[in-house]
Amino acid sequence: MAQITLDQLAHSYLPNPQNDADYALKRIDYVWEDGGAYALLGPSGCGKTTLLNIISGLLTPSGGHVKFDEHNVTHLSPEQRNIAQVFQFPVIYDTMTVAENLAFPLLNRGIERSEVDKRVGEMLETLDLTAKARRRAHGLSADEKQKISLGRGLVRYDVNAILFDEPLTVIDPHMKWQLRTKLKELHEQFSHTMIYVTHDQTEALTFADKVVVMYEGEVVQIGTPEELFDEPAHTFVGYFIGSPGMNILPGGVDGSTVNVAGKQINVGKRYPKTGTNIEIGIRPEFVKLTESAASGEVGMPMTVHSVEDIGRYKIVRGDVGGHELGAVINESDSVPANPVAVFDPARINVYEDSHLVRGQI
Amino acid sequence: MNNKPFDNKAWFFVLPVFILVAISAVIPLMTVVNYSVQDSFGNNQFFWAGTEWFTEVLNSDRFRDSLVRNLTFSAIILCIEIPLGIAVALAMPRKGIWVSVCLVLMALPLLIPWNVVGTIWLIFGRADIGLLGFTLAKMGIVFNYGQSWLQAWIIIILMDVWHWTSLVVLLCYSGLVAIPEAYYQAARIDGASRWKVFRYIQLPKMQRVLLIAILLRFMDSFMIYTEPFVLTGGGPGNTTTFLSIDLVKTAIGQFDLGPAAAMSLIYFLIVLLLSWVFYTVMTNYGMDAPEKREVES
């Protein structure tokens with residue numbers, strides 16, 4: 001168990017990186033608390049696996065340090081760092097039995113046979129694999145194989161952290177949910193530091209206490225699921241998190257008045273003087289569609305293109321003033337004939353150069 | 001039980017294959033079968049001989065000696081080429097420009113026809129103009145595979161190893177590069193030694209290609225003909241007379257069609273049987289065991 005510190009960490013796969021674009025991972029400083037459950041969330045190719053492999057020691061960063069508690073482990077190998085990693089595709093030793101698979105990392109470390117048997121027995125219980133202990137790992141299902149991969153990390157009680165690289169990719173949907181629940185359980189039971197890489201927001205938001213959102217080699221926001229939903233620090237987080245994602249419209253801001261689609265909305269917060277590249281973000285959940293705006297509300301006429309009924313609610317897509325806009329309405333509500341869109345002023349976010357600008361109340 | 005619709009017209013779909021196989025294999029084989037059960041005193045007159053030729057061939061020392069030579073040769077070939085092939089494949093680079101260089105170098109011997117290989121080594125081993133023969137002569141070693149059965153065997157084995165190890169290498173290499181990087185990473189994290197990585201990751205992952213390699217090399221080496229024919233002609237004495245050489249001697253040299261036909265059938269069945277044994281043993285290795293264990297426990 002350890003607290004993991006990333007100190008001015010950066011990585012490029014090129015020998016002589018010239019500019020920012022050459023870096024697969026741009027500079028990052030962060031402290032992963034001991035015993036925390038973290039998710040690294042981002043689209044494919046955003047650098048999340050690179051970051052994970054640097055933490056596990058499979059990759060040496062081109063700049064900066066990784067510290068486990070007070071020890072600098074930047075140049076140590078994965079086995080010296082004493083971490084466990086679960087990969088996208090289950091890694092099992094085909095010719096060994098389930099029990100032998102679990103015993104493998106312990107025997108490699110020269111732990112006594114009696115102790116190994118005891119721990120393997122316990123781990124088989126924990127993973128509900130006791131009945132299959134003497135089966136060869138080869139013929140098991142994908143989720144069972146993935147449990148074995150995880151078990152090989154967990155049998156070493158003293159691992160500093162357990163890292164997951166999109167571990168549920170090849171698992172059947174109904175097993176995904178079970179396995180995720182199991183992971184949470186194990187986290188509570190063993191309280192290892194867990195870092196979980198995924199591009200699936202549901203996985204990230206349900207698994208983690210804190211979600212690290214990455215985009216183009218950069219950490220754009222670290223926060224709890226609520227923070228990511230309410231105040232995305234970057235427009236990317238806005239539309240990456242949430243289903244459907246946040247509406248981002250070009251606009252402007254002047255003091256406490258937001259200009260969007262030719263209308264002025266008073267948001268009740270004062271914004272500092274800002275530059276020119278301003279965008280307005282509003283979640284579809286906070287866009288209301290009515291026949292006409294009530295007094296005190298600002299209505300924007302909306303042209304509706306499509307309505308998707310997804311069961312619990314409906315997603316209405318259309319445009320206001322030539323800009324795309326999505327809105328979420330209740331299953332029971334119908335779309336008005338000539339709708340006007342009303343934004344909840346308290347839920348409007350202002351972005352400058354894609355980054356969140358905070359207003360003062 | 002079986003509710004599937006049944007339509008005999010489906011046979012027409014497999015008919016072309018039947019015809020092809022009949023022309024390419026069954027009919028030629030039947031002529032051999034035909035000869036094997038008949039005797040002839042010439043003039044195209046044949047008499048029914050029954051299993052006489054089969055009994056004669058199976059009971060002849062000549063056939064048994066050749067069979068032992070074949071089995072010994074294949075065993076030696078497999079024992080050398082398979083481990084050597086695996087070792088070379090493990091040592092080959094996985095990326096970069098050297099991959100292509102190594103692959104081309106490895107493929108070169110495979111492109112050379114059998115009789116050319118025989119001729120190359122024939123000249124290579126000559127004491128007057130061949131590099132190997134000359135060097136050995138200079139070192140004071142009497143090298144004459146025409147007189148020493150041991151040297152004849154050594155040179156034929158060397159030749160086969162030189163010619164065919166590449167095939168094993170290429171097959172193993174294809175198996176090795178197909179192993180996802182995550183396996184090696186997981187093994188590092190599990191603290192596995194180099195030997196354990198080989199034993200528990202690389203070797204099991206190569207199982208299928210190794211099966212193909214062993215089958216190919218077994219069948220090929222068991223049917224070896226051209227190289228000893230070019231190099232030693234089956235000698236000295238009969239020491240390099242393999243089944244195939246013996247067969248040709250019987251069929252064409254002595255024109256004993258009956259015994260030759262019986263011999264080829266036996267030969268064919270032995271190859272088939274041994275290939276089946278290899279196949280069954282290797283595909284079941286690591287698969288059958290769990291079921292057995294469960295029954296036991």
Side-chain angles (χ1 to χ4, degrees), chain A residues 49 52-53 56-59 76-111 131-140 145 148-153 155-156 159-163 165-167, chain B residues 82-83 86 90 94-97 172 174-214 278-297:
Chain A
T49 299
L52 195 75
N53 286 346
S56 68
L58 292 167
L59 204 62
L76 294 187
S77 65
E79 56 271 32
Q80 289 168 315
R81 291 183 192 198
N82 202 15
I83 50 94
Q85 187 161 355
V86 178
F87 297 89
Q88 191 167 2
F89 297 96
V91 174
I92 48 142
Y93 302 104
D94 292 335
T95 52
M96 295 186 198
T97 64
V98 173
E100 284 166 349
N101 258 280
L102 294 176
F104 190 62
L106 298 177
L107 293 175
N108 286 337
R109 285 171 173 75
I111 291 168
K132 295 183 171 168
R134 301 184 67 183
R135 278 271 298 273
R136 268 187 211 250
H138 184 79
L140 300 180
K145 286 182 182 176
I148 297 172
S149 315
L150 172 63
R152 281 206 314 272
V155 282
R156 293 151 49 201
V159 285
N160 282 320
I162 302 179
L163 312 179
D165 190 355
E166 307 195 18
Chain B
I82 299 297
I86 294 174
L90 285 172
R94 297 290 153 79
K95 44 186 149 185
I97 185 169
C172 290
S174 73
L176 282 177
V177 292
I179 302 174
E181 192 55 33
Y183 276 84
Y184 296 110
Q185 296 176 335
R188 278 178 71 188
I189 290 167
D190 287 339
S193 59
R194 180 71 192 83
W195 163 251
K196 282 183 175 170
V197 169
F198 173 71
R199 170 69 186 78
Y200 295 112
I201 297 175
Q202 293 174 319
L203 202 55
K205 292 281 168 199
M206 279 196 291
Q207 189 183 346
R208 287 186 178 281
V209 285
L210 270 181
L211 170 68
I212 299 171
I214 290 177
F278 277 124
Y279 184 82
T280 317
V281 169
M282 286 197 67
T283 42
N284 286 347
Y285 178 77
M287 308 285 163
D288 249 356
E291 275 76 29
K292 272 190 216 142
R293 281 192 197 191
E294 267 177 354
V295 173
E296 282 164 23
S297 54

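Note on naming: letters A, B, ... go to the chains in the order of the sequence lines (proteins, then strands), and numbering restarts at 1 for each one.
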Measure across [X] and [Y] and return the closest heavy-atom pair with its distance rounded to 0.1 Å.
X: B/Tyr183; Y: A/Ile92; result: CE2-O, 3.4 Å
X: B/Ala186; Y: A/Val91; result: CB-CG1, 3.5 Å
X: B/Asp190; Y: A/Arg109; result: O-NH1, 3.0 Å
X: A/Tyr93; Y: B/Ala187; result: OH-CA, 3.5 Å

I need the [X] [atom1] to [Y] [atom2] distance, nearest 0.5 Å.
X: B/Lys196; Y: A/Leu107; atom1: NZ; atom2: CG; result: 6.5 Å
X: B/Gln207; Y: A/Thr95; atom1: CD; atom2: OG1; result: 9.0 Å
X: B/Tyr200; Y: A/Asn101; atom1: OH; atom2: CG; result: 10.5 Å

Engaged part of A/Leu106 at the chain B interface, taking heavy atoms whose separation is under 4.5 Å: neither
Heavy-atom contact with chain B under 4.5 Å, split by part of A/Arg156: side chain
Heavy-atom check, side chain of B/Ile189 versus side chain of A/Arg152, under 4.5 Å: no
pair B/Arg188-A/Ser77: side-chain heavy atoms closer than 4.5 Å: yes
